[in-house]
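Here the structure is laid out as structure tokens; the discussion comes afterwards.
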Amino acid sequence: MSLGGELLNHWPPSYSFILSLFSSPIFAAQIINYLSFGLSIGLIYFLARKNNWACSSALGFSLAIGFGFFRSLVNNVMPDILTYAVFLLACAIFFEKLTVPRVWSYLFWAVLIPLKLIAVVFIPAAIFTRIWITGISCVRRQRGEFLIASLLWSFFLGSILVFNYISLGVLIPASHGGLISIVFSRN
């Protein structure tokens with residue numbers, strides 16, 4: 001708790017834990033963020049080329065996003081740019097034809113949940129995307145893949161909820177709960 005009585009751990013604990021492994025957490029955050037920045041730009045270029053963009057268009061787009069939006073995230077000691085890098089890596093793997101690479105995508109997206117809570121939507125969205133792309137009949141053929149994805153999602157989301165309950169006494173911190181209350185009160 002802060003001196004004002006507010007709960008301090010609004011964010012999931014993984015990024016703080018990663019930084020605590022280093023003797024200089026700020027320097028570690030810089031290295032992690034710069035590597036993630038480069039990886040994010042490279043993955044945007046790769047994804048654009050994979051979707052038949054011209055080389056110059058892919059390069060222009062990836063550099064514009066990178067040095068426009070992503071550059072603003074690099075100097076913050078926050079997990080945002082790392083989240084983008086891992087998200088984009090999982091996206092690059094997800095659209096492969098084989099099931100095994102997609103399972104890696106689900107794992108990467110699940111591991112992001114304790115890093116940044118926005119990641120809770122990635123696996124459900126990926127499953128719905130997979131059903132949309134291949135048709136509803138794929139559910140029976142790919143139920144093992146969907147089961148693994150659901151178990152990964154449940155485990156990592158559950159771990160954050162348990163962590164919050166143990167450390168705060170609540171499942172969702174008040175800073176997140178207020179947003180949820182606003183959404184539901186409008187309906």
What I'd like to find out is whether the side chain of Phe95 reaches to under 4.5 Å of the side chain of Ile133, using heavy atoms alone. yes

Give a yes or no answer on whether the side chain of Asn33 reaches the backbone of Asn76 with a donor-acceptor pair at less than 3.5 Å. yes

Validation row: Leu63, Ile44 side chains within 4.5 angstrom (heavy atoms): no

Any side-chain heavy-atom pair of Met78 and Leu73 under 4.5 Å: no

Under 3.5 Å, is there a donor-acceptor pair between the side chain of Trp109 and the main chain of Ala90? no

Check whether any side-chain heavy atom of Phe46 lies under 4.5 Å from a side-chain heavy atom of Ser62, and answer yes or no. no

Walk me through it: do Phe27 and Phe22 pass the test ring-ring contact (aromatic ring centres under 6.0 Å, His included)? CA-CA 9 Å; Phe27 182 69; Phe22 298 92; 9.0 Å; no

Distance (rounded to the nearest 0.5 Å) between Ser36 OG and Ile81 CD1: 6.5 Å

Quick one: CD1 on Ile41 to CD1 on Ile65, what's the gap to the nearest 0.5 Å? 10.0 Å

Does the plane of the ring in Trp53 sit parallel, tilted or perpendicular to the ring in Phe61? Use 30° and 60° as the thresholds. tilted

Using 30° and 60° as the class limits, which term best fits the ring planes of Phe67 and Phe37: parallel, tilted or perpendicular? perpendicular

Between the side chain of Ser154 and the main-chain N/O of Leu151, is any donor-acceptor distance below 3.5 Å? no

Rounded to the nearest 0.5 Å, what's the gap from CG on Asp80 to CD1 on Ile118? Could you check? 10.5 Å

Go through Leu152 and Ile148 one step at a time and tell me if the side chain to side chain contact (heavy atoms under 4.5 Å, CB included) criterion holds. CA-CA 6 Å; Leu152 287 167; Ile148 290 170; 3.9 Å; yes

Once rounded to the nearest 0.5 Å, what's the spacing between atom OH of Tyr106 and atom CZ of Arg102? 6.0 Å

List the residues meeting ring-ring contact (aromatic ring centres under 6.0 Å, His included) with Phe146, not counting sequence neighbours, and say none if there are none. none

Any side-chain heavy atom of Tyr165 within less than 4.5 Å of one from Leu161? no

Is any side-chain heavy atom of Val86 less than 4.5 Å from a side-chain heavy atom of Val111? no

For Phe70 together with Tyr84, are the ring centres under 6.0 Å from each other? yes

For Leu88 and Ser40, the nearest pair of non-hydrogen atoms, with its separation, is CD1-O, 3.8 Å

